[in-house]
Participant: 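Before anything else, here's the structure in question.
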Number of protein chains: 2
Amino acid sequence: MGYTLHTCAINRLYSAFRVLAMDRVSIKDIAKAAGVSHSTVSRALRESPLVNAHTKERIQEMAREMGYSPDAQARSLVTGRSYTVGVVVTTIADPFVAEVVQGMESTAHDHGYTVILSCSDSEPEREIAAVEMLRAKRVDGVIVTSSRIGALYLDHVEGIGAPVVLLNNHNEQSGHYTYTVTVDNRHGSLLATDHLINQGHIRIAYITGPANHSSDTERMAGYRQALSEHSLPYDPTLVVPGDGKPVGGMRALQALIASAQPPSAVFCYNDMTAIGLLRAAREAGIDIPGDLAVIGFDDIPLASFVCPPLSTISQPKNEMGRLAMEMVLTLAESYDAVRPEYSDIVVKGKLEIREST
Amino acid sequence: MGYTLHTCAINRLYSAFRVLAMDRVSIKDIAKAAGVSHSTVSRALRESPLVNAHTKERIQEMAREMGYSPDAQARSLVTGRSYTVGVVVTTIADPFVAEVVQGMESTAHDHGYTVILSCSDSEPEREIAAVEMLRAKRVDGVIVTSSRIGALYLDHVEGIGAPVVLLNNHNEQSGHYTYTVTVDNRHGSLLATDHLINQGHIRIAYITGPANHSSDTERMAGYRQALSEHSLPYDPTLVVPGDGKPVGGMRALQALIASAQPPSAVFCYNDMTAIGLLRAAREAGIDIPGDLAVIGFDDIPLASFVCPPLSTISQPKNEMGRLAMEMVLTLAESYDAVRPEYSDIVVKGKLEIREST
DNA sequence: TTGTAAGCGTTATCAC
DNA sequence: GTGATAACGCTTACAA
């Protein structure tokens, strides 16, 4: 690690008999203290009209005084609803994911739900384990974000006993009997590429994302479509592999400048790639956008702070999180009732022109 | 919003009688099917040695076939442990927080625990509500990150019935009977300011963070200490207010260049501030680090991608998350047993020299 | 309006 | 080894 660690005052004082086992007060305790039955307490605490207004108030007062806190698990055991939804992501450290989760959490909160967060690190086993664990916790719904292995869920989905919605899933065959929220990748790429073309660029490169992600396939498709719509030739040598991360972008730039006929513009799979590319360009003394115009995809929070500020396709991250959460909650509330077999929400990205193009 | 939304295939098909109420199988169901008592099933499923090896295997096989999933809530009800810890943060969209949470989640996972995420948006009521809710869910522990209102917890902390650890708390009076993980702010500032001084700078400005945060007070103290250790005068006009966000940094730069005797270097409360300042500097045609050296604090993931790459004090974010989680889990496992009255872990930041100084 | 009793799915304590 | 039986803290018929 290299970080020095300083533990101070640890184990400073052991208080031998500090038994904090502050026995939790239950409705029975309140019942005893109030001289009523525990069912009356239960009613009073949940504002049931079936209880005398006076005693209700008295009981609520006592509950407060005694420091009562309802046991959500016990309640859930009998009601069958946990008011909890599981959110599975690759890694929360990804700024895109973080924004999406932010949107999810706040909507969940607004509806009185709680979020269990699980990071899979893109490892299938961990992702499955997470789903299994969420199932054991009896969540009312699950949202899986940016997963590459969505198809696996479809098998698990039957067993989990709760609705599952996929957000920006990267797998092709997640079409059946599932619920999804996705950005329109093709449309976004069209926007990006068109923009470059309108600026007069003819030779436009595309830096790919990680292999086998449907989002990459779709963005690539949009790029080619824009080219063909403008009767521009598609040159395979202008498609260079990246990995969705800064390093990929840096390497891609090397490949680009080494080529016989370098492009005058480049569309990157995502902002992280573009940012890596920007950095490499600066080091190589290439002027952006003078020598090379660059556009990304995602609009991560810092896209406007790199230099030059990055033009990009903005995904409504917060909004997407909100939509996914609302979808899963709606499904949860009508679970084991009549509901649509599947539904997809497709949101469109927006062209954000800054100074890199 | 401005984003167009396209709902496709929604409500595509209602299958009227698809009752997915796939009645959950319980140990009793398995017991019935296997012709044994439910206690035997319970034992078999938890690898108890108190059960015939043959029947154990048979039962496990049946459980698998029947798609059994243990009910964590029911179990928790009787064992008193939920294997869940609550993490409350200001906002997960903050890259610093996201990294910390990443560290927390992965350690929790390694120990078989699950994370409930709650974002308070720095609103005291929400923060209190979150704690209340976590209490109802019977979490085994709570970690509060970057809160400004830690003192409030100290009242709640007794009632919550679970250990609470504070990470990078911004409140002064969180000293008693609590557990904390914090970065050594004074030390980090010393590092940063020393670095600037060693580069030959005499007039060094400090851009503050949000008011009344102890972290700001401490960083400021480190700055002054470095100055005095090098017998440099402390000039109050060189301390300009920021807000911990890019805008604050941008505004601060205006103030700086408008001053009679501008500094040749500036130490910013955090990276976000520095990044805003960098941007304003670029727009104002100020050369970094030629005209002005800039250093931040935090080392957020994109600090190395802005231009010029930002020198900063690196906080071991992941590590801090890990430490906090390990602390709370240790406390949880010994709850209502003998344990230290309080302990603080203080980690030291590291000077990360890049190109802005 | 209130109380009694059953039950949610576990684990745990006894006997046998 | 195994099976009753009693919790755990709550909600909810069903009675009174």
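Any value given below was found using the heavy atoms of this structure, including those in side chains, with hydrogens, waters and symmetry copies removed. Residue numbering restarts at 1 for every chain, and letters A, B, ... go by the order of the sequence lines.
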Participant: Counting only side-chain nitrogens and oxygens, does A:Ser42 get under 4.0 Å of the OP1 or OP2 atom of D:dT11?
Facilitator: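 Affirmative; the distance criterion is met.
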Participant: Quick one: closest heavy-atom pair of A:Tyr113 and A:Glu333, and the distance?
Facilitator: OH-OE2, 2.9 Å
Participant: According to a strict under-4.0 Å criterion, is B:Arg46 in side-chain N/O contact with OP1 or OP2 of C:dA12?
Facilitator: yes
Participant: Looking at the side chain of A:Tyr68, which of D:dC10, C:dG3, C:dG9 is the nearest nucleotide?
Facilitator: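 Comparing D:dC10, C:dG3, C:dG9 against the side chain of A:Tyr68, the answer is D:dC10.
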Participant: Hey, does the side chain of B:Ser39 come within less than 4.0 Å of D:dT2's phosphate (OP1/OP2), counting only N and O?
Facilitator: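 It does not, given that no N or O in the side chain of B:Ser39 lies less than 4.0 Å from OP1 or OP2 of D:dT2.
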Participant: Does this structure show an ion pair linking A:Glu105 with B:Arg126, if we count only N-O contacts that are shorter than 4.0 Å?
Facilitator: yes
Participant: Between atom CG in A:Asn52 and atom C1' in C:dG3, what is the gap in whole Å?
Facilitator: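 One finds 15 Å between C1' of C:dG3 and CG of A:Asn52, rounded.
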Participant: Answer yes or no: is there an ion pair linking B:Glu319 with B:Arg322, defined by an N-O contact shorter than 4.0 Å?
Facilitator: yes
Participant: Is B:Thr79 close enough to C:dT10 that one of its side-chain N or O atoms is under 4.0 Å from OP1 or OP2 there?
Facilitator: no
Participant: Atom CD1 of B:Ile59 and atom P of D:dG1: how far apart are they, to the nearest Å?
Facilitator: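 Computing the B:Ile59:CD1 to D:dG1:P distance gives 13 Å.
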Participant: What nucleic acid atoms does B:Ser26 come within less than 4.0 Å of, heavy atoms only: base, sugar-phosphate, or nothing?
Facilitator: sugar-phosphate
Participant: Please report the distance, rounded to the nearest Å, between CD1 in B:Ile27 and P in C:dT10.
Facilitator: 5 Å
Participant: Would the base of D:dT11 count as contacting A:His38 through its side chain, where contact means a donor and an acceptor less than 3.5 Å apart?
Facilitator: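 Such a pair is found, so the answer is yes.
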Participant: At under 4.0 Å between heavy atoms, what does B:Ser69 touch on the DNA or RNA strands: base, sugar-phosphate, or nothing?
Facilitator: sugar-phosphate
Participant: Could you give the CZ-to-P distance, from B:Arg81 to D:dC8, as a whole number of Å?
Facilitator: 18 Å
Participant: Rounded to whole Å, please give me the gap between CZ in B:Arg75 and C1' in D:dA7.
Facilitator: 17 Å
Participant: Mark yes or no: A:Arg81 above the aromatic ring of A:Tyr83, with NZ or CZ under 6.0 Å from the six-membered ring centre and no more than 45 degrees from the axis.
Facilitator: yes
Participant: Quick one: A:Arg43 CZ to D:dA13 P, roughly how many Å, whole number?
Facilitator: 11 Å
Participant: What does B:Thr55 touch in the nucleic acid at a heavy-atom separation under 4.0 angstrom: a base, only the sugar-phosphate, or nothing?
Facilitator: sugar-phosphate
Participant: For B:Arg43 and B:Ser39: C-alpha separation, side-chain torsions, deciding distance, then whether side-chain hydrogen bond (donor to acceptor under 3.5 Å, both in side chains) applies.
Facilitator: CA-CA 6 Å; B:Arg43 292 189 192 102; B:Ser39 12; 4.6 Å; no
Participant: Return the 5'-most residue of the pair B:Leu77, A:Pro49 with respect to DNA chain C, ranking by each residue's nearest nucleotide.
Facilitator: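 Final value for this comparison: A:Pro49.
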Participant: Nearest whole angstrom, please: distance from the C1' of C:dT11 to the CD1 of B:Ile30.
Facilitator: 15 Å
Participant: A:Leu45 has an atom CG; how far is it from atom C1' of D:dG9, in whole Å?
Facilitator: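 Atom-to-atom, A:Leu45 to D:dG9, this comes out as 12 Å.
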